[in-house]
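A, B, ... follow the sequence lines: proteins, then strands. Residue 1 opens every chain.
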Number of protein chains: 4
Amino acid sequence: MARQRTRDKVHQAVLSLAGEGRVGAITMEGIAARAGVSKQTLYRSWSSTGVILFDALLARSVDEDGVVVVPDSGDLARDLEELATGMVAELSDPTQGPLLRAVTAEMQSDDALAEEFRRLLLGPQMTAVSERLRQGGVAEPDDVAELFVGPVLHRWLLRSRPFDADWVSAHVARTVRAAGGVRDRPTATPPVGVTL
Amino acid sequence: MARQRTRDKVHQAVLSLAGEGRVGAITMEGIAARAGVSKQTLYRSWSSTGVILFDALLARSVDEDGVVVVPDSGDLARDLEELATGMVAELSDPTQGPLLRAVTAEMQSDDALAEEFRRLLLGPQMTAVSERLRQGGVAEPDDVAELFVGPVLHRWLLRSRPFDADWVSAHVARTVRAAGGVRDRPTATPPVGVTL
Amino acid sequence: MARQRTRDKVHQAVLSLAGEGRVGAITMEGIAARAGVSKQTLYRSWSSTGVILFDALLARSVDEDGVVVVPDSGDLARDLEELATGMVAELSDPTQGPLLRAVTAEMQSDDALAEEFRRLLLGPQMTAVSERLRQGGVAEPDDVAELFVGPVLHRWLLRSRPFDADWVSAHVARTVRAAGGVRDRPTATPPVGVTL
Amino acid sequence: MARQRTRDKVHQAVLSLAGEGRVGAITMEGIAARAGVSKQTLYRSWSSTGVILFDALLARSVDEDGVVVVPDSGDLARDLEELATGMVAELSDPTQGPLLRAVTAEMQSDDALAEEFRRLLLGPQMTAVSERLRQGGVAEPDDVAELFVGPVLHRWLLRSRPFDADWVSAHVARTVRAAGGVRDRPTATPPVGVTL
DNA sequence: TTATAAGCGAGACGGTACGTCAGGTCTTCCG
DNA sequence: CGGAAGACCTGACGTACCGTCTCGCTTATAA
């Protein structure tokens with residue numbers, strides 16, 4: 001069956017539409033037209049634009065192996081800074097960012113989508129961060145992961161202030177302080193990974 | 001433009017519709033019908049459902065004096081806990097919560113709405129929190145305010161986990177630790193207020 | 001585009017609405033509702049109520065073969081009288097009359113509709129009358145056809161006076177006189193027909 | 001009070017709007033705006049756009065004395081030709097023509113307007129023509145007047161063919177023939193007039 | 001001269017219809 | 001026989017006018 005072929009065309013169409021701005025204006029009809037696919041075909045596999053956007057996002061962000069990678073150099077502060085910088089880059093990406101915004105918006109009124117989002121994207125990422133923190137000897141790694149990620153989300157979703165490198169460093173410092181200091185291993189081990 | 005009588009009818013309609021769940025399904029036509037008002041009248045004063053929802057929210061949350069009040073007992077940890085508990089209560093309120101969700105969602109694709117939100121709601125609130133932190137001797141009060149509020153937003157918007165009292169306490173403790181400890185005044189002063 | 005089934009429903013709806021008087025109050029929404037059809041479906045095939053009314057009129061008046069028939073008994077005066085009587089009957093018909101009134105009214109401000117009207121309804125009819133006059137040996141048949149039809153239109157559109165049988169006879173006599181008398185064939189031939 | 005002043009402003013506005021084409025698109029709001037008058041003032045004196053258009057038309061066509069003038073040189077054919085030429089000129093006038101079209105259209109679904117039209121415009125004009133024909137010894141002057149005017153209306157309203165001088169002459173000849181020939185006075189008398 | 005009421009502009013208001021867009025479903029027909 | 005094409009019903013969009021209804025602001029007489 002031409003399923004994968006169709007998925008690719010649809011993802012391609014979504015990314016190209018998203019790249020043109022106006023992510024909020026993406027419609028089933030628009031995607032169908034751009035992908036050269038019938039509306040019926042879309043509805044057969046996805047129930048709403050939100051789901052399609054999320055699917056496209058996922059296909060791109062877990063590129064091949066379905067693994068979330070978190071840096072693990074042995075220096076927690078350095079790793080957190082790298083992590084935060086990566087997040088900021090993704091959120092600022094002209095394609096990824098708007099897609100994530102749209103999905104986050106739709107989640108607010110679509111429970112099923114929210115569930116998928118948590119299960120396939122948010123959960124693994126939070127787990128990976130938490131795991132890295134536990135490696136570093138942090139006591140309540142889940143909560144500290146939240147403390148680390150929450151302010152980034154706040155700035156981004158509420159658009160309060162732009163990101164800059166100084167803020168990222170200071171934020172890492174605060175997070176580490178909140179965690180009760182670092183007791184990281186002195187020697188490096190392989191990076192932490194979580195399979196989706 | 002719109003007479004106060006009309007505004008009241010519209011806000012009333014929005015709240016009643018929001019109370020019935022399905023906030024995502026609120027439409028201009030639905031509001032007009034419920035309020036007993038014509039569509040033209042809505043469009044004359046508000047440009048989208050998002051703007052109306054926000055207006056209704058604002059009218060309700062700054063009831064009379066347009067002032068954001070933050071507790072100030074002299075004990076920063078206690079005040080933050082009270083503050084967080086209040087936020088959680090609002091976010092969990094069956095009317096406020098869904099309205100805020102809807103507005104936050106629409107902000108993602110409506111820059112003007114986002115601007116208003118920041119100017120009239122988010123800004124004053126963040127400023128008030130920040131001000132209380134400064135009173136408590138916190139060094140970078142704006143950033144710490146963000147650190148305090150961000151994780152709440154994260155849990156709520158991404159619906160990762162429900163709120164509970166223990167988490168609130170622990171979160172306050174982490175925030176205080178991240179702020180570098182408290183050097184609060186020993187005696188109470190009047191609560192901090194910020195006029196919208 | 002539109003399926004025959006849809007066209008039939010629409011024509012049916014128009015005729016039923018027209019039969020209820022108030023032809024001037026016929027609207028796209030009204031037709032859609034009565035026909036059990038969506039507005040989109042109407043707009044897909046017809047650009048205005050005028051066009052729909054005209055289409056319904058046409059569908060009814062050229063029932064099957066798309067031919068305009070003019071009597072041809074060999075006696076021009078008798079044929080013209082029959083023709084005029086038929087016209088008067090149509091204009092007085094409780095469904096046809098109001099429809100024609102409405103279409104004529106809309107033609108005054110819709111050039112495209114006027115063009116269609118001329119091409120598909122007025123033209124063939126005038127040609128058929130003219131042809132019959134030519135058969136009767138009338139010198140300038142087009143102009144005399146106009147002389148014959150014009151006063152009927154005048155009475156009807158300007159609502160100056162009602163039609164009666166005596167007037168019809170006298171009008172035919174005047175027309176024949178204006179044509180310079182009759183030199184009709186003594187023997188009957190098949191009636192004149194013009195294909196639309 | 002300042003009634004006449006208002007009427008003038010309104011008539012002025014109507015004529016200027018009519019001169020811009022799109023007579024069918026003339027609205028109460030448009031007239032009010034152009035005339036610098038409130039809608040209430042319009043509704044106080046006129047019940048619909050059709051009535052206003054007709055009023056403006058009337059104010060212009062019976063300029064001062066409210067009299068319809070028909071030429072009366074003693075030569076009926078010549079007078080009819082002059083008359084027809086005048087009618088054609090009016091119907092072709094870039095302001096009068098469209099106004100008349102619009103009024104004629106609205107008459108089709110507004111009985112009260114139709115009645116006024118007949119009483120104040122059509123009636124006097126037909127009577128004047130008929131009177132001139134009677135002067136010329138025509139037997140059934142009312143019907144012949146109709147025979148004379150009808151075809152002009154036919155060409156104009158149904159937009160079948162443009163007017164030209166040759167057609168006018170031929171039409172007058174046909175009319176005279178239909179009337180049974182002319183038995184006009186050899187000497188001229190004052191022109192026939194009918195007071196509105 | 002000052003109230004004082006009538007005439008008027010401005011325009012908010014509840015409506016109806018407009019013409020368009022997209023959401024989902026169902027049918028047709030081609031490869 | 002699966003999928004592209006697209007007709008179809010539905011419901012909401014945002015706009016234009018409708019006809020009614022206050023509002024204040026002239027302005028021109030009556031107190």
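- Distance check, rounded to the nearest 0.5 Å: CG of B:L99 to CZ of B:R60 gives 8.5 Å.
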Step by step, work out the side chain to side chain contact (heavy atoms under 4.5 Å, CB included) result for B:R34 and B:K9.
CA-CA 9 Å; B:R34 180 65 63 96; B:K9 284 196 291 184; over 6 Å; no
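- Side chain to side chain, A:Q4 and A:D8 meet the donor-acceptor criterion of an N or O pair below 3.5 Å.
- Whole-Å rounding puts the D:Y43 OH to F:dC17 P distance at 12 Å.
- Here the nucleotide nearest the side chain of A:Q40, chosen from E:dT25, E:dG19, F:dC13, is E:dT25.
- Remark: nothing in residues 11-22 of chain D comes within less than 4.0 Å of DNA chain E through any heavy atom.
- At least one side-chain nitrogen or oxygen of A:T41 sits closer than 4.0 Å to the OP1 or OP2 atom of F:dA4.
- Residues A:M107 and B:L157 come closest through the heavy atom pair CE-O, 3.7 Å.
- In this structure the side chain of D:R118 never reaches within 4.5 angstrom of the side chain of C:L158, judged on heavy atoms.
- Side-chain atoms of A:T49 lie closest to E:dG23 of the nucleotides F:dT20, E:dG23, E:dT20.
- Using a 4.5 Å heavy-atom threshold, the side chains of C:L100 and C:F117 count as touching.
- By the 4.5 Å heavy-atom criterion applied to side chains, D:L53 and D:W46 are not counted as neighbours.
- Pairing each heavy atom of D:A32 with each of D:S38, the nearest pair is CB-C, 4.2 Å.
- Between B:L17 and B:V23 there is no side-chain heavy-atom pair separated by less than 4.5 Å.
- For the pair A:I52 CD1 and E:dG23 C1', the computed distance is 12 Å after rounding to whole Å.
- From B:L113, atom CG reaches atom OG of B:S47 across 8.0 Å, with rounding to the nearest 0.5 Å.
- An OP1 or OP2 oxygen of F:dC8 is reached within less than 4.0 angstrom by a side-chain nitrogen or oxygen of C:R44.
- Residues of residues 98-115 of chain C that place a heavy atom closer than 4.0 Å to DNA chain F do not occur.
- Contact annotation: D:K9 side-chain N/O to E:dC8 OP1/OP2 distance is not under 4.0 Å.
- With rounding to the nearest 0.5 Å, the separation of CD in A:E115 from CG in A:D110 is 11.0 Å.
- For the pair C:R5 CZ and E:dC26 P, the interatomic distance rounds to 17 Å; values are reported in whole Å.
- Atoms CG (B:L42) and C1' (E:dA12) sit 13 Å apart, rounded to a whole Å.
- A heavy atom lying under 4.0 Å from DNA chain E marks the following residues of residues 25-39 of chain C, by number: C:T27, C:M28, C:E29, C:K39.
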